[in-house]
Amino acid sequence: MDIVISNTSERPIYEQISSQVKEAILSGDLAAGQQLPSIRALAGDLHVSVITTKRAYSDLESLGFIETVQGRGSFVARGNLELLREERLREVEGLLEQALADASAAGITVTDLHEMLDTLAEADM
């Protein structure tokens, strides 16, 4: 699992960790049931505090992305495909809202946006 921490980012380090783990889960890079590095191991690899990685894992667990088994470690949550899909849908909706706002500011109509989306979808097929 590759996590890149930026010391110049305005986002706290624990958020950078949790968002990158979440993205790896959503993209399928981390499969359901896959064991994550221990909190101590991840902290050592990233050269950050154990408290920081513990906070990231705690946040991921509260969102349902990972499960922690006492004495065994943390694992990608099983059976939460609907939760993961819902998270991805929210992200896409946010991107579409931004596209609508940008299009409106540029004088692009919704019809033009539909045509652009259809063209892009056809190009991917």
How far does [atom1] of [X] sit from [atom2] of [Y], to the nearest 0.5 angstrom?
X: Leu60; Y: Ile66; atom1: CG; atom2: CD1; answer: 5.0 Å
X: Asn7; Y: Gln16; atom1: CG; atom2: CD; answer: 8.0 Å
X: Ile51; Y: Lys54; atom1: CD1; atom2: NZ; answer: 9.5 Å
X: Leu30; Y: Lys22; atom1: CG; atom2: NZ; answer: 13.5 Å

Problem set entry | Selection residues 56-66 - residue pairs positive for salt bridge (Lys or Arg N to Asp or Glu O under 4.0 Å), sequence neighbours left out | Arg55-Asp59
Exercise. Do any pairs count as a salt bridge (Lys or Arg N to Asp or Glu O under 4.0 Å) and have a residue in residues 103-118, sequence neighbours left out, and if so which ones?
Worked result: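 Salt bridge (Lys or Arg N to Asp or Glu O under 4.0 Å) check on residues 103-118 returns no pairs.
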Among residues at least two apart in sequence or on other chains, which ones pass side chain to side chain contact (heavy atoms under 4.5 Å, CB included) with [X]?
X: Val4; result: Gln20
X: Leu113; result: Leu100, Ala103, Ile108, Met116
X: Leu89; result: Arg85, Glu86

Problem set entry | ILVMFWY clustering at 4.5 Å (side-chain atoms), partners of Tyr14 | none
Seminar exercise, completed: For Val92, the other hydrophobic cluster members (4.5 Å side-chain criterion, sorted by chain and number) are Leu96
Problem set entry | Option from Val76, Val21, Leu26 for which side-chain contact (heavy atoms from CB on, under 4.5 Å) with Phe65 holds | Leu26
For this session: Name all pairs fulfilling the side-chain hydrogen bond (donor to acceptor under 3.5 Å, both in side chains) condition that reach into residues 95-107, sequence neighbours left out, sorted by first residue then second.
Result: Gln98-Asp102
Exercise. If you look only at pairs with a residue in residues 25-53, which of them pass as a side-chain hydrogen bond (donor to acceptor under 3.5 Å, both in side chains), with sequence neighbours excluded?
Worked result: Ser27-Asp29
Problem set entry | side-chain hydrogen bond (donor to acceptor under 3.5 Å, both in side chains) involving Ser6 - partner list, sequence neighbours excluded |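 So Ser6 forms a side-chain hydrogen bond (donor to acceptor under 3.5 Å, both in side chains) with Thr8.
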Problem set entry | With sequence neighbours excluded, residues passing salt bridge (Lys or Arg N to Asp or Glu O under 4.0 Å) with Glu91 |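 Glu91 satisfies salt bridge (Lys or Arg N to Asp or Glu O under 4.0 Å) with Arg88 only.
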Exercise. What residues form a salt bridge (Lys or Arg N to Asp or Glu O under 4.0 Å) with Arg90, not counting sequence neighbours?
Worked result: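 Arg90: salt bridge (Lys or Arg N to Asp or Glu O under 4.0 Å) contacts with Glu87.
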Under a 4.5 Å side-chain heavy-atom rule over Ile, Leu, Val, Met, Phe, Trp and Tyr, are [X] and [Y] clustered together?
X: Leu46; Y: Ile39; value: yes
X: Leu36; Y: Val48; value: yes
X: Val50; Y: Ile5; value: yes

For this session: Would you check if Ser19 and Arg11 make a side-chain contact, meaning some heavy-atom pair closer than 4.5 Å?
Result: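 Sidechains of Arg11 and Ser19: in contact.
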Exercise. Where do Ala77 and Gly64 come nearest, in terms of heavy atoms and distance?
Worked result: CB-O, 3.3 Å
